[in-house]
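Start at 1 with the first residue, then count along the sequence.
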Amino acid sequence: YNNYFQISNSFTSVAPVTIWQVIGKTCDTALEIEGLESFSFDLTQSTTYPYFSETLIADASDYDGTVNSISETTGFGHTFKPYFFYETPDGIAEYGGKELPLSELEKAEGYDKVKSIIDEEGYSINNIYFRENGIININLYKKESSDAEYTEYSCSYINLAYVNGRLEMLSDIDGNYFGEGIYLSSKSTGLATFPSQDSIIE
C-alpha cells in the first residue's frame, strides 16, 4: 500500500475523517466522505470481514435506521456500515454498486438459504447492489408502525459474497448477518467505479 494518514474532526453528531496520501515530501487528499467515521487497512480490527484481505474499508456514519417511506435513504437512528475501496496508481477508488434485479439473484446457488433467513426475520427486499469485488448488498425493510398520518419502516441489510458460483452470507466479527441502515450505490463523490457487466451471477 501507499502511505496514508487520517485526520479526524469531532462534532456533535458526526466525527468525519479525511484520508491523506503521502507522495514523496508532499501530501494530498486521497479520500473525503461526509459521514466517514473510520478507515481500516487491518481488517482483523474492522467491524467487517477479514475475507477481503486486499480491500480497504471505510465505515460510514448515517441516520437511516428507520424511515417513513421505503423510497427514502435518510431518516432516524444512527447506523454504521462498511463501504469498500481499493488502490489505484492515482490514489483510492471506491467499489461502486450497480443495481441487481432480484430475478438474477434468485438464480444463484445458495439463494434459498439467504431468502429463508430474511423471511424468518420478517424483512422484505427493497433493492440489491453488486460490486466489482464480489460483494452484494441486499437492502431490507420491515413495517414497524402505521396509521392514518404516520408510517415507520426499520431498515437493515445483508451482505453476501459471490464466490465460485455460490452465494456466501457474510457476518461481522460478532457473527451477525444483519446490519442496520441502507446501502447506497456509492458513498464517495467522483471516486466510484461501477461494474461494466449487468449481473454478477453466472
Return the [atom1] to [atom2] distance between [X] and [Y], rounded to the nearest 0.5 Å.
| X | Y | atom1 | atom2 | result |
| --- | --- | --- | --- | --- |
| Glu168 | Tyr162 | CD | OH | 13.0 Å |
| Asn126 | Ile138 | CG | CD1 | 11.5 Å |
| Tyr86 | Asn133 | OH | CG | 10.0 Å |
| Lys81 | Asp62 | NZ | CG | 4.0 Å |
| Lys115 | Leu167 | NZ | CG | 14.0 Å |
| Glu94 | Phe85 | CD | CZ | 4.0 Å |

Are [X] and [Y] grouped together when hydrophobic residues (ILVMFWY) are joined by side-chain heavy atoms under 4.5 angstrom apart?
| X | Y | value |
| --- | --- | --- |
| Leu102 | Leu100 | yes |
| Ile200 | Ile158 | yes |
| Leu160 | Tyr129 | no |
| Ile136 | Ile182 | no |
| Ile70 | Leu140 | no |

Side-chain donor-acceptor contact under 3.5 Å, Glu180 with Ser156: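 There is no such pair (donor and acceptor under 3.5 Å, judged by atom type) between the side chains of Glu180 and Ser156.
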Any side-chain donor near an acceptor of the partner, Thr79 and Asp64, under 3.5 Å: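 Judged by distance alone, the side chains do pair up.
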is_close_aromatic(Tyr123, Phe178), centroid dist under 6.0 Å: yes
With a 4.5 Å heavy-atom cut-off, do [X] and [Y] have their side chains touching?
| X | Y | answer |
| --- | --- | --- |
| Asn127 | Asn139 | yes |
| Ile118 | Ile125 | yes |
| Met169 | Val114 | yes |
| Leu184 | Tyr83 | yes |
| Val67 | Cys155 | yes |
| Phe84 | Ile135 | yes |

From CA spacing to verdict: ring pair (Phe, Tyr, Trp, His ring centres under 6.0 Å), Phe80, His78: CA-CA 7 Å; Phe80 301 88; His78 200 180; 4.6 Å; yes
For [X] versus [Y], what's the shortest heavy-atom pair and its separation?
| X | Y | answer |
| --- | --- | --- |
| Tyr157 | Pro82 | OH-CD, 3.7 Å |
| Pro195 | Phe130 | CB-CE1, 3.5 Å |
| Ala192 | Gly96 | CB-CA, 4.1 Å |

Heavy-atom donor-acceptor pair, Arg131 side chain to Tyr95 backbone, under 3.5 Å: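 Yes, the answer is positive, given that a donor and an acceptor are paired below the 3.5 Å cut-off.
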Test item: Glu121 side-chain N/O and Ile117 main-chain N/O as donor-acceptor pair under 3.5 Å: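 A pair under 3.5 Å: no.
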Taking [atom1] in [X] as the centre, count heavy atoms belonging to other residues, nucleotides or ligands within less than 6.0 Å. Is the count above 12?
| X | atom1 | answer |
| --- | --- | --- |
| Glu104 | CD | yes |
| Lys98 | NZ | yes |
| Lys113 | NZ | no |
| Asn164 | CG | no |

Test side chain to side chain donor-acceptor pair (under 3.5 Å) applied to Asn159 and Tyr183, step by step: CA-CA 10 Å; Asn159 284 339; Tyr183 262 101; 3.3 Å; yes
